[in-house]
Amino acid sequence: MEAPAARPWIDAMQLALVEARACLATGDVPVGAVVVDADGRVVARGRNEREARQDPTAHAEVLALRAAAAATGDWHLTDHTLVVTLEPCVMCAGAVLAARVPRVVFGAWDPKAGATGSVYDVARDRRLPHRSEVVGGVLEAPCAAVLDEFFGARR
C-alpha cells in the first residue's frame, strides 16, 4: 500500500510506467516520465532515448521537461510536477531545478546514481538557489520490476 502522500501521484506514475515500457523497443533503460500541471493534467511525457538518439542527455526527465516547456510556452515550470519511474540522476535533478519544478515524484530509488535522496540530494540542497519537494517510492515495486527485468535479461 502506498503512503498517503503518494496517492495523488499514482495515475501519473502509471502513465510514466507506460513510457518506461516503451523504452524496451529501442533497448533504452526503461525509465519514463510525465509532467503534470497544478490540476493534475499531463502536459508532457518522456522516456529514455539515449540509445535511440545516441544522445547522452536524452534521459526521460530531460525530454519530458523540454516537451513541457514547449507545450506551455514557458521554461519556468513553477506550477508543475515531474513524475518519473526512477530517482533522477544529478543531471536530471539539475534540470528540475533549472526549470523551477517545485515537486519531483519518483518510483524506484537509485542507490548507484540517485540525486534526490539516495547518493546525493541535489533537489533539496540548501546551498543551491532553488529546491524541490521530493516524494519517493510511488509504485516503487512495479517501477523497480521493469528495471530488474531489463537488466536481468542483459546479465
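Sequence neighbours left out, not one pair with a member in residues 47-87 passes ring-ring contact (aromatic ring centres under 6.0 Å, His included). Judged as a ring-ring contact (aromatic ring centres under 6.0 Å, His included), the pairs with a partner in residues 105-132 (not counting sequence neighbours) are, in order, F106-W109. Evaluation of the salt bridge (charged side-chain N to carboxylate O under 4.0 Å, His left out) test over residues 85-105, restricted to residues two or more places apart or in two chains, returns R103-E133.
Between the CD atom of Q14 and the OG1 atom of T85 there is a distance of 13.0 Å, given to the nearest 0.5 Å. Residue I10 holds its CD1 atom at 11.5 Å from CG of L17, rounded to the nearest 0.5 Å. Atom CD of residue E19 and atom CG of residue L15 lie 8.0 Å apart, to the nearest 0.5 angstrom. Note that CZ of R53 is 4.5 Å distant from CG of L63, once rounded to the nearest 0.5 Å. To the nearest 0.5 Å, the span separating CG on D125 from CZ on R131 amounts to 8.0 Å. Distance CE/M91 to CD/E61: 7.5 Å, rounded to 0.5 Å.
Within 6.0 Å of CD on E149 lie no more than 12 heavy atoms contributed by other residues, nucleotides or ligands.
Closest of all the heavy-atom pairs between A108 and E140 is CA-CG, 4.1 Å.
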**Q.** Worked verdict on L86 versus C143 for side chain to side chain contact (heavy atoms under 4.5 Å, CB included)
**A.** CA-CA 7 Å; L86 180 65; C143 290; over 6 Å; no

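In the hydrophobic clustering of this structure, V135 groups with M13; members are Ile, Leu, Val, Met, Phe, Trp, Tyr whose side-chain heavy atoms approach within less than 4.5 Å, directly or through other members. Criterion: ILVMFWY side-chain heavy atoms under 4.5 Å apart, direct or through other members. Under it, L77 and L82 are part of a common hydrophobic cluster.
The closest side-chain heavy-atom distance from V62 to C92 is below 4.5 Å.
In this model, a donor atom of one side chain and an acceptor atom of the other lie less than 3.5 Å apart for D28 and T26.
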